[in-house]
Amino acid sequence: MPGCFKKTLFALASLISFGSSILIVVAMGTPKWMTGKILCKTGADLVNATDPELVKFIGEIYYGLFRGGKIRQCGLGGRRSKFTIFPHMVKKLNTGLHVMIVMFLCVAIFLSLISFGFCILNAIKVPYQAIKGPAGVCLWNFLAGGFLVLAITSFMAAVKLHHLTERIANFQENVFQFVILEEQFENCFWLCVASATAHAVNLLLIAISGINFPKIKTKTEEANVTAEDIMY
């Protein structure tokens with residue numbers, strides 16, 4: 001049986017692994033990975049709008065991995081619309097990269113749950129096989145964190161290198177052209193970053209669990225036997 005200290009560490013690691021999988025699921029299901037401001041360039045050019053008038057042509061956009069929405073401002077007031085990435089819009093994006101991001105996150109969820117199970121196992125008993133022990137827990141956490149890092153960097157590449165926001169903003173826009181004025185990563189993106197950090201914390205906890213701390217020995221008082229004690 002593992003000691004109380006190791007039980008506590010593995011129990012904490014199991015909670016972190018399960019929490020990590022929940023964070024990824026929430027991030028994937030929420031359409032707030034990116035937000036930005038979009039300028040209706042065509043409308044602004046038609047009326048030759050100056051700086052004070054450009055406000056009438058600046059809209060907003062937000063999106064996640066599966067859906068999003070935008071507010072079009074082309075001089076006649078804001079028009080709200082929602083869209084879905086799959087199955088139509090993904091054809092206009094970098095399909096392979098977007099699908100890879102989703103796959104990386106799905107694999108990370110699966111590995112997080114495996115890590116959760118292995119942590120529970122190590123909190124209950126000491127496994128005979130090394131792969132089921134702390135080494136296995138480290139492996140699954142390392143792989144889960146690695147796939148999360150791949151998903152995060154792939155999404156950043158899609159946004160910065162493949163102009164993901166601009167492609168989404170101009171999807172099925174036959175008349176107006178939109179230009180991205182600013183964009184920023186939102187909470188759901190940072191949830192994935194937090195999930196990757198959680199697996200790094202787990203690796204630290206497993207490393208601490210392998211440290212053999214010296215036991216504190218208490219000195220037992222030597223019994224002083226006297227002649228009076230022997231009489232009784």
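Side-chain contact check for Lys6 versus Pro134: every heavy-atom pair is 4.5 Å or farther apart. Residues Gln177 and Asn170 meet the side-chain proximity criterion, which asks for heavy atoms closer than 4.5 Å. Taking the side chain as every heavy atom from C-beta outward, Asn202 and Val137 never approach each other to under 4.5 Å. Side-chain contact between Ile38 and Leu181 is absent, with no heavy atoms from C-beta onward closer than 4.5 Å. At least one side-chain heavy atom of His199 sits less than 4.5 Å from a side-chain heavy atom of Ser112. Considering only heavy atoms from C-beta on, Met89 stays 4.5 Å or farther from Arg67 through its side chain. The shortest distance between side-chain heavy atoms of Cys40 and Gln73 does not fall below 4.5 Å. The side-chain heavy atoms of Leu65 and Leu105, taken from C-beta on, include a pair separated by under 4.5 Å.
The hydrophobic cluster containing Ile58 does not contain Ile180, counting ILVMFWY residues as joined when their side-chain heavy atoms lie under 4.5 angstrom apart, directly or transitively. Side-chain heavy atoms closer than 4.5 Å link hydrophobic residues (I, L, V, M, F, W, Y) into clusters, and following such links, even through other members, never connects Val149 to Ile114. Clustering ILVMFWY residues whenever any of their side-chain heavy atoms sit less than 4.5 angstrom apart, transitively, puts Phe185 in the very cluster that holds Leu191. Neither Leu15 nor Phe10 shares a network with the other; the hydrophobic side chains, linked directly or stepwise wherever heavy atoms of I, L, V, M, F, W or Y lie under 4.5 Å apart, form separate groups for each. Leu121 and Leu111 fall into different hydrophobic clusters, where Ile, Leu, Val, Met, Phe, Trp and Tyr are joined by side-chain heavy atoms under 4.5 Å apart, directly or via other members.
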| said: Please evaluate residues Phe178 and Cys74 with respect to the criterion side-chain contact (heavy atoms from CB on, under 4.5 Å), reporting the C-alpha separation (whole Å), side-chain torsions for both, the decisive distance (0.1 Å), and the verdict. | reply: CA-CA 10 Å; Phe178 291 90; Cys74 294; 3.9 Å; yes

| request: Could you walk me through whether Glu60 and Thr35 pass the side-chain contact (heavy atoms from CB on, under 4.5 Å) test, one step at a time? | output: CA-CA 7 Å; Glu60 298 176 358; Thr35 58; over 6 Å; no

| task | Apply the test side-chain contact (heavy atoms from CB on, under 4.5 Å) to residues Leu205 and Ile16: give CA-CA distance (whole Å), side-chain angles for both, the deciding distance (0.1 Å), then the verdict. | result | CA-CA 10 Å; Leu205 290 177; Ile16 292 175; 3.8 Å; yes

| message | Under the criterion side-chain contact (heavy atoms from CB on, under 4.5 Å), I'd like the reasoning laid out for Ile168 against Met34: C-alpha separation, chi angles, the key distance, then a yes or no. | response | CA-CA 11 Å; Ile168 292 177; Met34 288 290 299; over 6 Å; no

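Between Tyr62 and Pro31, the shortest heavy-atom contact is CD1-O, 3.1 Å. Smallest separation of non-hydrogen atoms from Ala108 and Ala144: CB-O, 4.0 Å. Listed here is the closest heavy atom pair of Cys138 and Ile206: SG-CG2, 3.3 Å. Taking each heavy atom of Asn141 and Ser17 in turn, the nearest pair found is OD1-OG, 3.8 Å. The two residues Ala158 and Leu97 come nearest to each other via the heavy atoms CB-CD2, 3.6 Å. Between Ala27 and Trp33 the shortest heavy-atom distance is O-NE1, 2.7 Å.
Counting heavy-atom neighbours within 6.0 Å of Arg167 CZ, excluding the residue itself, gives a total above 12. Within 6.0 Å of CZ on Phe176 lie more than 12 heavy atoms contributed by other residues, nucleotides or ligands. Other residues, nucleotides and ligands contribute only 12 or fewer heavy atoms inside 6.0 Å of the CZ atom of Phe147.
Below 30°, between 30° and 60°, or above 60°: for Phe116 and Phe18 the angle between ring planes is between 30° and 60°, a tilted geometry.
Taking CE of Met103 as the start and CD1 of Ile101 as the end, the distance is 12.0 Å to the nearest 0.5 Å. With rounding to the nearest 0.5 angstrom, the NZ atom of Lys160 is 7.5 Å from the OG1 atom of Thr165. One finds the CG atom of Asn187 at 11.5 Å from the SG atom of Cys192 (value rounded to the nearest 0.5 Å). Atom CD1 in Ile124 sits 9.0 Å away from atom NZ in Lys7 (nearest 0.5 Å). Atom CD1 in Ile24 sits 8.5 Å away from atom CG in Leu113 (nearest 0.5 Å).
With Phe171 as the aromatic partner, Lys70 does not meet the cation-pi criteria of under 6.0 angstrom to the ring centre and within 45 degrees of the ring axis.
Exactly one residue among Phe86, Phe66, Tyr63 makes a ring pair (Phe, Tyr, Trp, His ring centres under 6.0 Å) with His98. That residue is Phe86.
Although no hydrogens or angles enter the test, the distance criterion places a donor-acceptor pair under 3.5 Å between the side chain of Thr153 and the main chain of Leu150. For Ser154 (side chain) and Ala151 (main-chain N/O), no donor-acceptor pair under 3.5 Å exists by modelled atom type.
Aromatic ring centres of His88 and Phe83: separated by at least 6.0 Å.
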